[in-house]
**Q** 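For reference, the structure I am asking about is given below.
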Amino acid sequence: MASSKLQSVLERQEEDPRMDMSPMIDMVFLLLIFFMVASRMVTVKVDDQIKPPVADESIRPENAKGRIIFNIRSDGTFTAGDGKVTVTEDEITERVTAWNDRYKDSSTEPSLLLRSHRDASVRDVKKVTKAAALGGINKVVFGSLKTGKFD
C-alpha cells in the first residue's frame, strides 16, 4: 500500500497542466485600448479631381513632415490641401509664409507637395512654385504615380 502523499502525487500526474489565460487576455485588451487612445490617426485627404502624372522612375521621399499641399487642376485653378478651398497665387504665398513661420524654430525643413493634374499646364506649375518661393519654401516634392495602372 502506498502512502497518501504518494497517491496524491500519482493522481496529479495524470492531470494535464493548464494555464489560466484570462489575465493575459485582459492585458492584451488593456494594451490595445492604450495604443488606440495614445496614438493619433493621420489621414491625408486629397483632391479627388487630380489625376497625377505617371513617373516610373519616381522615388518616395522618406520624411513627410512639414509639407504643405497645393493642387493644380486641369482647368488651371489652384486648391489647397484636400481640394475644398480654391486659392490664388497671393493666397499661396500667404499660406506658405505662415507655414514657413510655423517651422522656423524646429529642425523640420518645410516643403511643398505639389499635386498637379496630368493635363495641367507647365505655366501653372511655375506659378505655384514661384508663389511658394516668395513665401520662403524652396523644396518642392511633385506628386506622381509609379505606374499607369490607376487611371
**Q** CD of Glu91 to CZ of Phe70: how many Å apart, nearest 0.5 Å?
**A** 9.0 Å

**Q** Please check this pair: side chain of Thr77 against backbone of Arg73, looking for a donor-acceptor N/O pair closer than 3.5 Å.
**A** no

**Q** Leu113 and Ile137: same hydrophobic cluster, using ILVMFWY side-chain contacts below 4.5 Å?
**A** no

**Q** Once you round to the nearest 0.5 Å, how far does NE2 of His117 lie from CG of Asp124?
**A** 12.5 Å

**Q** Which heavy atom in Trp99 sits nearest to a heavy atom in Pro110, and how many Å separate them?
**A** CD1-CB, 3.9 Å

**Q** What's the spacing between Ile72 CD1 and Thr129 OG1 if we round to 0.5 Å?
**A** 8.0 Å

**Q** With rounding to the nearest 0.5 angstrom, report the OG to CG distance, Ser144 to Asp56.
**A** 9.0 Å

**Q** With distance as the sole test, does Asn71 use its side chain to make a donor-acceptor pair with the main-chain N or O of Ser116 at under 3.5 Å?
**A** no

**Q** Return the minimal non-hydrogen interatomic distance between Arg115 and Pro52, and the atom names on each side.
**A** NH2-CG, 4.0 Å

**Q** Which residue, Val141, Val128, Ile92, forms the side chain to side chain contact (heavy atoms under 4.5 Å, CB included) with Leu112?
**A** Val128

**Q** Carefully, step by step, assess Ile50 and Thr79 under the rule side chain to side chain contact (heavy atoms under 4.5 Å, CB included).
**A** CA-CA 10 Å; Ile50 302 293; Thr79 61; 5.6 Å; no

**Q** Under 6.0 Å from the CG atom of Asp26, do we count more than 12 heavy atoms belonging to anything else shown?
**A** yes

**Q** Is it the case that one hydrophobic cluster holds both Phe142 and Ile68, taking links as side-chain heavy atoms less than 4.5 Å apart, direct or via other members?
**A** yes

**Q** Are Ile69 and Val96 connected in a single hydrophobic cluster, I mean Ile/Leu/Val/Met/Phe/Trp/Tyr linked by side-chain heavy atoms less than 4.5 Å apart?
**A** no

**Q** With the 4.5 Å side-chain cut-off for hydrophobic clustering, are Phe35 and Val28 part of the same group?
**A** no

**Q** Within the distance-only criterion (no hydrogens, no angle test), does the side chain of Thr93 pair as donor or acceptor with the backbone N or O of Gly135 below 3.5 angstrom?
**A** no

**Q** Say you draw a straight line from CG of Asn100 to CD of Glu109; how long is it, rounded to the nearest 0.5 Å?
**A** 9.5 Å

**Q** Within the 3.5 Å criterion, strictly below it, is a donor on Ser22 or Asp20 matched to an acceptor on the partner's side chain?
**A** yes

**Q** Say you draw a straight line from CZ of Arg67 to NZ of Lys139; how long is it, rounded to the nearest 0.5 Å?
**A** 7.5 Å

